[in-house]
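First the structure, in the form of structure tokens, and then the observations on it.
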Protein chains: 6
Amino acid sequence: MTRADGRTDDELRPVTITRGFQKHPAGSVLVEFGDTKVLCAASVTEGVPRWRKGSGLGWVTAEYAMLPSATNTRNDRESVKGRVGGRTQEISRLVGRSLRACIDLAALGENTIALDCDVLQADGGTRTAAITGAYVALADAVTWLGAHGALADPKPLSCQIAAVSVGVVDGRVRLDLPYEEDSRAEVDANIVATNTGTLVEVQGTGEGATYTRSTLDAMLDVALVGIQKLADLQAEALAQPYPRDLPGRS
Amino acid sequence: MTRADGRTDDELRPVTITRGFQKHPAGSVLVEFGDTKVLCAASVTEGVPRWRKGSGLGWVTAEYAMLPSATNTRNDRESVKGRVGGRTQEISRLVGRSLRACIDLAALGENTIALDCDVLQADGGTRTAAITGAYVALADAVTWLGAHGALADPKPLSCQIAAVSVGVVDGRVRLDLPYEEDSRAEVDANIVATNTGTLVEVQGTGEGATYTRSTLDAMLDVALVGIQKLADLQAEALAQPYPRDLPGRS
Amino acid sequence: MTRADGRTDDELRPVTITRGFQKHPAGSVLVEFGDTKVLCAASVTEGVPRWRKGSGLGWVTAEYAMLPSATNTRNDRESVKGRVGGRTQEISRLVGRSLRACIDLAALGENTIALDCDVLQADGGTRTAAITGAYVALADAVTWLGAHGALADPKPLSCQIAAVSVGVVDGRVRLDLPYEEDSRAEVDANIVATNTGTLVEVQGTGEGATYTRSTLDAMLDVALVGIQKLADLQAEALAQPYPRDLPGRS
Amino acid sequence: MTRADGRTDDELRPVTITRGFQKHPAGSVLVEFGDTKVLCAASVTEGVPRWRKGSGLGWVTAEYAMLPSATNTRNDRESVKGRVGGRTQEISRLVGRSLRACIDLAALGENTIALDCDVLQADGGTRTAAITGAYVALADAVTWLGAHGALADPKPLSCQIAAVSVGVVDGRVRLDLPYEEDSRAEVDANIVATNTGTLVEVQGTGEGATYTRSTLDAMLDVALVGIQKLADLQAEALAQPYPRDLPGRS
Amino acid sequence: MTRADGRTDDELRPVTITRGFQKHPAGSVLVEFGDTKVLCAASVTEGVPRWRKGSGLGWVTAEYAMLPSATNTRNDRESVKGRVGGRTQEISRLVGRSLRACIDLAALGENTIALDCDVLQADGGTRTAAITGAYVALADAVTWLGAHGALADPKPLSCQIAAVSVGVVDGRVRLDLPYEEDSRAEVDANIVATNTGTLVEVQGTGEGATYTRSTLDAMLDVALVGIQKLADLQAEALAQPYPRDLPGRS
Amino acid sequence: MTRADGRTDDELRPVTITRGFQKHPAGSVLVEFGDTKVLCAASVTEGVPRWRKGSGLGWVTAEYAMLPSATNTRNDRESVKGRVGGRTQEISRLVGRSLRACIDLAALGENTIALDCDVLQADGGTRTAAITGAYVALADAVTWLGAHGALADPKPLSCQIAAVSVGVVDGRVRLDLPYEEDSRAEVDANIVATNTGTLVEVQGTGEGATYTRSTLDAMLDVALVGIQKLADLQAEALAQPYPRDLPGRS
């Protein structure tokens with residue numbers, strides 16, 4: 001029993017990570033998990049929100065959104081509706097929380113990094129692609145801050161963060177679900193973890209059904225292997241030089 | 001090393017479940033987990049939202065909110081701010097999703113049950129108390145519908161749903177965290193499960209930290225025992241007669 | 001001709017005033033007028049709104065709201081609708097204005113007391129119950145401020161404030177209308193007055209009808225007797241010790 | 001002791017009522033109470049709001065608003081702020097309720113009359129001027145409906161409605177307060193009544209003070225005489241022909 | 001082929017400019033282009049918006065709005081809808097931008113002039129009437145500032161600004177379109193220019209059609225003659241003394 | 001005197017038009033004018049808005065927006081602010097109006113095409129790039145509708161529409177301004193025209209300055225040549241086959 005796209009159950013979709021996609025933000029990464037394409041930008045601002053001033057700590061925040069044209073049938077624009085939906089806010093909070101797990105906010109100094117994850121095309125797994133790409137954009141923003149002498153400490157990033165979806169479809173545990181599988185999954189989980197295999201966030205949901213602990217274990221087994229591969233791809237992308245001019249580069 | 005309130009690490013706070021707290025809704029339950037008090041009301045409306053009409057299926061939805069006076073320092077009223085915050089929406093979605101896991105929406109007929117979980121007093125664990133209480137209110141609303149001959153099938157509830165928080169505090173896995181522990185937990189998880197021990201939702205978050213799979217396992221062990229106890233308390237409360245007059249009761 | 005609940009025309013419903021209902025706010029009172037139950041909390045904040053800073057004067061403000069489950073048929077949540085309705089705002093303004101009539105804002109010092117009146121169950125007269133309960137919560141908040149040495153003057157309260165509804169139902173002037181009477185009243189008035197019988201606010205409305213001055217007089221006669229009784233009940237409740245620990249109490 | 005504008009205590013400001021101020025609405029009246037100028041338009045729409053359909057009853061609704069330039073210092077535009085303030089909503093509700101007291105909604109047929117009261121210039125008493133002018137605009141809209149054969153019954157108006165402010169200033173009961181008096185009044189009341197002296201709405205407020213029943217009586221005495229004079233001015237204005245062409249007029 | 005109102009193609013409607021319409025704002029002008037009536041108020045505030053503080057420059061801003069009763073069929077109130085429509089914002093921006101073209105913001109000193117253009121009655125050309133009237137109100141506000149010694153330089157206005165609509169109706173280029181012509185125009189342009197014939201803003205739109213450069217030229221020819229006439233009427237109106245008392249006027 | 005990027009005054013930036021950028025919408029075009037990159041999607045929906053039902057006419061609407069990361073310094077997300085800004089609404093209206101000038105809405109049948117123009121990177125001229133790209137996306141959506149047999153008439157597009165900015169910078173008329181020139185232009189115009197040189201929309205604005213008719217003429221001369229070149233590039237892009245599978249294609 002193979003998957004519609006020919007993958008094995010524990011196989012990721014083709015993943016590409018393109019740094020320097022936009023010219024303005026300090027970090028700008030287009031991440032693709034198959035047909036899911038998310039533009040992750042990391043914009044740096046001097047200073048922190050008012051409630052944090054004088055703490056010596058920096059801040060990392062995130063906003064997730066979807067272009068109206070990203071989905072199968074056009075979705076209404078939240079700015080026009082005048083309110084941000086529950087799903088959008090929930091994912092924005094997840095992305096911010098996940099990325100804050102890898103950064104030493106004291107080392108960042110009183111700077112703010114805003115992570116904007118805008119889905120250009122959706123085919124399942126947009127939140128996990130967003131987290132995976134946002135890490136790379138964040139790393140570039142940290143490089144930018146360092147090159148401008150704005151870090152309190154030279155190494156604010158303590159680990160890599162990546163994420164992947166996993167679920168039970170047709171009774172089988174499968175990795176990195178596209179929309180076609182996601183929409184009929186019996187159980188659906190999003191796992192965020194580090195490159196060393198420790199967990200950052202586990203969210204597992206039965207979709208109109210419940211699931212056993214052994215299913216949870218099987219999903220975690222598969223997800224953590226996938227996250228390790230994603231972390232390797234992140235490292236590979238970041239091994240290339242920072243994609244824009246920096247002070248002091250000849 | 002004992003906890004501030006004298007409990008052992010795997011002990012629930014005193015839990016009370018009071019049915020019939022309000023006179024208008026079909027189900028109205030005041031649930032208390034220690035000093036956390038949540039009023040869970042289940043209101044029945046004939047018919048379903050437009051997008052579901054003619055499906056023969058019912059609907060269960062939930063809204064979570066907090067009184068301004070429920071918290072340590074007064075929190076601003078969301079109606080006055082004009083927008084529902086991300087945390088509020090996230091919990092509302094969690095409560096609705098969790099309760100829909102135990103109900104056969106076809107058996108419900110084209111009726112809607114709205115679950116309103118209003119926190120009267122907050123001391124940690126408000127979302128897990130809300131889910132635990134909402135199940136009892138939902139059960140009462142189902143009884144009410146049955147007594148009014150409005151169910152398509154007599155037994156729409158397939159299992160009980162309860163929830164509890166669990167976390168790592170002072171390096172120890174602890175059950176049912178009050179605010180004082182929750183606010184300094186290194187890892188924080190909310191587990192929703194059935195009375196038979198299958199999982200409905202697992203949400204585990206490192207708070208500025210990451211955690212290992214064995215920590216996740218230890219938290220699940222403790223949580224599932226706690227949920228079993230909560231399910232027993234739900235069953236005990238529901239063993240009493242429906243707290244209001246019903247047609248055909250002499 | 002008796003009333004459905006057996007009362008005489010000039011009789012109040014059973015009234016209970018429970019202090020210390022919540023543990024966080026400085027004052028927290030559950031007031032019940034029959035089946036109408038309003039939770040009145042008085043939260044203290046150091047400082048005053050920006051437009052008042054440096055004046056040496058304190059501020060008292062109020063917000064009234066209703067739980068969705070409080071009414072006969074579920075009412076939509078205003079936070080979800082994204083706007084506070086006209087009726088809600090009108091009552092919030094009435095409560096704040098009424099309570100400010102009894103307090104010397106200079107004696108309060110530059111402190112703010114927020115009065116939150118949340119209706120847990122509605123059966124007519126919610127705004128008058130709210131005012132009557134809010135006075136007791138306000139008195140407790142003043143006690144709390146005094147015990148913390150935060151008052152500019154030790155006795156900021158110059159009188160008691162209570163309120164009651166009165167109307168013409170079935171051609172008879174009746175006191176303290178439950179929903180069943182209120183919904184079919186020809187004339188409906190809400191009277192706010194002090195324990196010494198002077199008026200704070202008179203609001204009398206013909207409901208699709210007009211009324212004579214002698215009807216207004218008859219309504220005021222009945223209302224002021226009722227308010228005197230409410231003031232006695234307030235005094236009785238406040239004769240008990242402050243329900244929480246205070247500095248300097250042994 | 002005379003008033004700043006030379007009036008006696010029980011004297012109205014000069015009042016003018018100009019019908020036909022705008023060409024589009026069925027009724028359009030500019031009413032002036034001294035320097036207070038309110039444009040009252042009555043727009044007719046066939047049909048009623050959804051919740052009233054099929055009842056055979058018409059509907060009268062009102063909205064009150066103020067131009068930003070109407071006040072002493074510019075007031076922010078509520079459309080730009082994105083929310084209608086509490087005071088605005090309260091007055092809109094008062095105007096609608098007051099005018100519905102004089103009209104037989106069954107006689108109106110299933111038509112809606114929207115009363116827009118826009119304050120062009122404010123100098124105290126805007127809500128009472130609005131009610132007084134809106135009555136005249138409403139009468140014109142009724143004439144228009146009658147001439148177009150759209151009334152279920154030829155005489156829907158059972159009486160005239162007018163309103164005036166009255167207050168205690170410098171210890172004296174005074175009628176029709178301009179801003180200069182209103183802003184320092186100890187007691188402030190708005191009285192709505194019919195041309196035959198029966199009451200529609202009484203709203204009396206102590207401004208940081210309380211007041212006795214004899215003060216209320218004195219205020220009502222003065223107000224009802226003033227309202228009688230306003231009703232005479234309304235009748236005089238309406239004695240002129242309808243200011244626009246109507247079908248069947250030669 | 002004449003126009004419905006008897007005008008020649010290049011003729012303005014009767015234009016009146018009434019200064020001093022309201023007593024509160026520093027400038028208040030009622031401008032009428034035929035049946036189009038717009039109240040233009042210029043309110044002065046000391047200081048400038050935060051982003052401009054310390055620049056030594058003043059600011060001129062504008063808001064355009066329409067009374068619900070101004071149009072043929074009642075238009076809903078934007079404050080009640082809770083959002084300002086695109087057309088309203090677009091015109092507000094046009095008015096502000098146009099008027100800023102004639103004023104030296106350094107000469108104004110750090111003062112803000114808010115131009116409120118409220119349409120009392122609409123019959124086409126409301127935005128061009130608003131700009132034409134707002135110039136006169138702005139001139140009066142500048143006079144007021146000068147008389148109060150608040151200008152950094154005595155002559156901040158470098159030219160006059162006026163505006164007119166022009167369009168192609170029934171195949172003919174026509175000036176100053178009333179609603180009846182505007183609603184069926186093939187091409188519709190709004191021209192803002194100075195009294196010396198230089199352009200401030202040209203906005204020409206094909207309405208479901210396109211147009212040639214020679215049509216644009218013909219429209220500009222006619223519009224600039226019309227604007228010259230409007231500038232003469234402005235000058236004539238401003239030749240009268242400032243309509244209110246000023247310091248130092250005997 | 002050359003431009004910073006080496007272009008002559010009447011030269012366009014390098015323009016690329018990439019069809020089929022996204023897989024879901026019927027038309028999806030990435031258009032680039034130098035560093036300005038706009039993603040233009042045309043989504044087809046069966047049916048038309050309610051106010052148009054039964055007319056037999058289709059509808060074309062547009063929404064313009066900018067990613068937070070598109071600009072030099074991050075711009076706040078309008079969905080989070082809860083309201084769409086005036087500039088955004090103005091451009092959305094311009095795009096929709098411009099594209100409706102080339103399409104026969106009767107030929108379209110009762111279908112709606114939504115044009116979403118999302119700016120991925122901004123460097124001046126975003127609205128003109130959006131219009132130019134949206135035309136190509138619209139043409140693809142029309143092809144899609146035709147292939148699905150959903151057009152009332154086979155050729156709804158009567159001409160091509162393209163747009164370009166032109167302005168006066170350093171005293172010289174220049175075509176297609178990048179941000180660096182746009183931000184200091186004395187006059188700024190956006191011209192929308194057809195491939196045959198007729199005008200659709202002319203918007204010329206003096207930026208704190210006025211301009212003569214001969215300047216307007218010079219700007220139009222340059223712009224219309226540029227638009228002709230853009231139309232050629234559109235035609236060239238559309239000469240390639242439709243980028244996705246269509247029914248009946250072998």
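Throughout, protein chains are lettered first and strands after them, A, B, ... in sequence-line order, and every chain is numbered starting at 1.
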Tell me, out of E:Thr45, E:Val84, E:Asn72, E:Leu120, who's got the most heavy-atom pairs with chain D below 4.5 Å.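 Going by pairs under 4.5 Å, I would pick E:Asn72.
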Pick from E:Glu78, E:Arg83, E:Arg74 with the largest number of heavy-atom pairs that fall under 4.5 Å of chain D: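 Highest number of pairs under 4.5 Å: E:Arg74.
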Smallest heavy-atom separation, E:Ala41 atom then D:Ser69 atom, equals CB-CB, 3.3 Å
Under a 4.5 Å heavy-atom cut-off, does chain D meet the side chain of [X], its backbone, both or neither?
| X | result |
| --- | --- |
| E:Thr88 | neither |
| E:Gln22 | both |
| E:Asp35 | side chain |
| E:Ala122 | backbone |
| E:Asp118 | side chain |

Roughly how far, to the nearest 0.5 Å, is NE2 of E:His24 from CG of D:Asn75?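 Answer rounded to 0.5 Å: 10.0 Å.
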Contact residues of residues 130-149 of chain E (partner chain D; heavy-atom separation under 4.5 angstrom): none
If you define the side chain from C-beta out and look only at heavy atoms, does anything of [X] sit under 4.5 Å from [Y]?
| X | Y | answer |
| --- | --- | --- |
| D:Leu67 | E:Leu67 | yes |
| D:Lys23 | E:Asp123 | yes |
| E:Asp116 | D:Arg77 | yes |

Would one find more than 12 heavy atoms of other residues, nucleotides or ligands at under 6.0 Å from atom CD of E:Glu46? no
Please identify, among D:Ser28, D:Gly85, D:Ala42, D:Pro68, the residue contributing the most non-hydrogen atom pairs under 4.5 Å to chain E.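 When all of D:Ser28, D:Gly85, D:Ala42, D:Pro68 are compared, D:Pro68 has the most.
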Region of D:Leu39 that comes under 4.5 Å of a non-hydrogen atom in chain E: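 When you check distances to chain E, only side chain atoms of D:Leu39 fall under 4.5 Å.
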